[in-house]
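Shown next, in structure tokens, is the structure this report addresses.
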Amino acid sequence: MFSLHPILQGRTKERPMSIRAYNEPVSPTPETVTFAQKAIHDLDRPEARFALVDRVSGQELPLSDQIHDLLRQLMVDLAQNRAVAIVPLDHELTPNQAADILNVSRTTIVRLIDSGKLPAHLVGTHHRIRLEDLLAHKQAADIAHEKAMQEMVTLGQELGLE
């Protein structure tokens, strides 16, 4: 079994992991924040090459550039004392979970679904929203918001309301 040494070192409770396992967000300890801050510097060295190391056999598995970049982003978030969870984009959310992510009410999510603005499907009688679709909706809304704000600034300047 490969592990991210020493990232997972000191993990007290081993649990079986599958490729599709969803974990609760990890809130970094002060030690993890310190480790992540140091790791960012190590990951940023141009000559650095990293690998997963099996702690028992010592076998190494080199990291691809994509995995390296993903781990670096994980370290950046942990170094900033942010809780982190890794969830695949096709993960399905309940309306309550989607509402929490967008910081809106569950009713707003249901209205977005009913109006066709947010794709969802039914599992029995319950709506499910793909994380990827929710993030695409959020990005589109953020772009529209930014465009509207820019138009307001431009209009204000034209009217001399600075």
Side-chain angles (χ1 to χ4, degrees), residues 1-4 7-8 10-33 35-37 39-40 43-44 50 52 61 63-162:
M1 173 179 166
F2 288 95
S3 63
L4 296 175
I7 297 170
L8 295 180
R11 191 171 159 180
T12 56
K13 184 169 63 169
E14 288 298 322
R15 54 185 164 189
M17 299 279 288
S18 73
I19 227 63
R20 301 293 296 182
Y22 304 110
N23 298 311
E24 290 295 314
V26 173
S27 296
T29 63
E31 295 80 19
T32 301
V33 171
F35 172 81
Q37 290 168 343
I40 291 167
L43 291 169
D44 282 344
F50 294 90
L52 295 175
L61 178 64
L63 297 180
S64 69
D65 290 343
Q66 190 174 27
I67 298 295
H68 175 274
D69 294 344
L70 183 63
L71 289 174
R72 186 189 181 287
Q73 184 56 53
L74 176 69
M75 291 300 147
V76 166
D77 289 334
L78 291 171
Q80 294 173 356
N81 203 22
R82 292 182 175 149
V84 177
I86 298 176
V87 180
L89 287 176
D90 66 352
H91 180 65
E92 294 183 346
L93 305 165
T94 66
N96 287 341
Q97 292 168 325
D100 288 344
I101 290 170
L102 295 185
N103 199 26
V104 298
S105 70
R106 182 189 183 285
T107 304
T108 299
I109 295 295
V110 173
R111 282 191 201 130
L112 289 169
I113 292 169
D114 290 344
S115 69
K117 294 178 181 175
L118 181 62
H121 66 277
L122 291 174
V123 174
T125 58
H126 303 285
H127 286 109
R128 293 294 178 264
I129 303 114
R130 286 175 31 132
L131 176 60
E132 184 174 23
D133 293 333
L134 184 70
L135 295 176
H137 174 81
K138 182 182 182 320
Q139 182 178 23
D142 290 346
I143 289 169
H145 178 260
E146 183 62 34
K147 182 180 176 187
M149 291 297 290
Q150 189 57 47
E151 288 173 4
M152 287 176 58
V153 167
T154 302
L155 183 60
Q157 290 172 343
E158 288 173 2
L159 296 173
L161 300 175
E162 291 182 46

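The first residue of the sequence shown is numbered 1, and numbering continues consecutively from there. Scope of the values below: all heavy atoms of this structure, side chains included, with no hydrogens, waters or symmetry mates.
Leu131 and Pro88 make their closest contact through CD2-O, 3.8 Å (heavy atoms, listed as atom of the first residue, atom of the second, distance). When every heavy atom of Arg106 is checked against every heavy atom of Ala99, the shortest pair comes out as N-CB, 3.7 Å. Closest approach of Ala36 and Ala79 over heavy atoms only: CB-N, 3.6 Å. Across Ala120 and His127, no two heavy atoms sit closer than the pair CB-CD2, 4.4 Å. Nearest approach of Val33 to Pro28, heavy atoms of both residues: CG2-CB, 3.9 Å.
Rounded to the nearest 0.5 Å, atoms CZ (Phe35) and CG (Leu78) are 9.5 Å apart. Leu102 CG to Leu135 CG: the interatomic distance, rounded to the nearest 0.5 Å, is 8.5 Å. In this structure, Ile40 CD1 and Leu71 CG are separated by 12.0 Å, a value rounded to the nearest 0.5 Å. Here Glu92 contributes atom CD and His126 contributes atom NE2; the two are 13.5 Å apart, rounded to the nearest 0.5 Å. The CD atom of Gln139 lies 12.0 Å from the CG atom of Leu134; values are rounded to the nearest 0.5 Å. To the nearest 0.5 Å, the span separating CD1 on Ile113 from CD1 on Ile129 amounts to 4.0 Å.
Annotation: salt bridge (charged side-chain N to carboxylate O under 4.0 Å, His left out) contacts involving residues 72-85, sequence neighbours excluded, comprise Asp44-Arg72, Asp77-Arg82. Pairs engaging residues 129-162 under the ring pair (Phe, Tyr, Trp, His ring centres under 6.0 Å) rule: none recorded [sequence neighbours left out]. Sorted by first and then second residue, the salt bridge (charged side-chain N to carboxylate O under 4.0 Å, His left out) pairs involving residues 140-155 (not counting sequence neighbours) are Lys138-Asp142.
Applying the side-chain hydrogen bond (donor to acceptor under 3.5 Å, both in side chains) rule to Gln37 yields no partners; only residues at least two apart in sequence or on another chain are considered. Partners of Leu155 by side-chain contact (heavy atoms from CB on, under 4.5 Å), not counting sequence neighbours, listed by chain and number: Glu158, Leu159. Under the rule for a side-chain hydrogen bond (donor to acceptor under 3.5 Å, both in side chains), Asp65 has no partner lying at least two apart in sequence or in another chain. Residues passing the side-chain contact (heavy atoms from CB on, under 4.5 Å) test with Ser105, sequence neighbours excluded: Thr107, Thr108. Scanning for side-chain hydrogen bond (donor to acceptor under 3.5 Å, both in side chains) contacts around Arg128 gives an empty result, with sequence neighbours left out. In this structure His121 satisfies the ring-ring contact (aromatic ring centres under 6.0 Å, His included) test with no other residue, sequence neighbours excluded. Partners of Ala141 according to the side-chain contact (heavy atoms from CB on, under 4.5 Å) rule, which considers only residues two or more places apart in sequence or in another chain, do not exist here. Applying the side-chain hydrogen bond (donor to acceptor under 3.5 Å, both in side chains) criterion to Asp114, with sequence neighbours excluded, gives no partner residue. With sequence neighbours left out, the side-chain contact (heavy atoms from CB on, under 4.5 Å) criterion links Gln150 to Val153, Thr154.
When only modelled atom types and interatomic distance are considered, Ser64 and Gln66 share no side-chain donor-acceptor pair under 3.5 Å.
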Could you go through Leu93 and Asp100, starting from their C-alpha distance and side-chain angles, then the distance that decides it, and tell me whether this counts as side chain to side chain contact (heavy atoms under 4.5 Å, CB included)? CA-CA 10 Å; Leu93 305 165; Asp100 288 344; over 6 Å; no

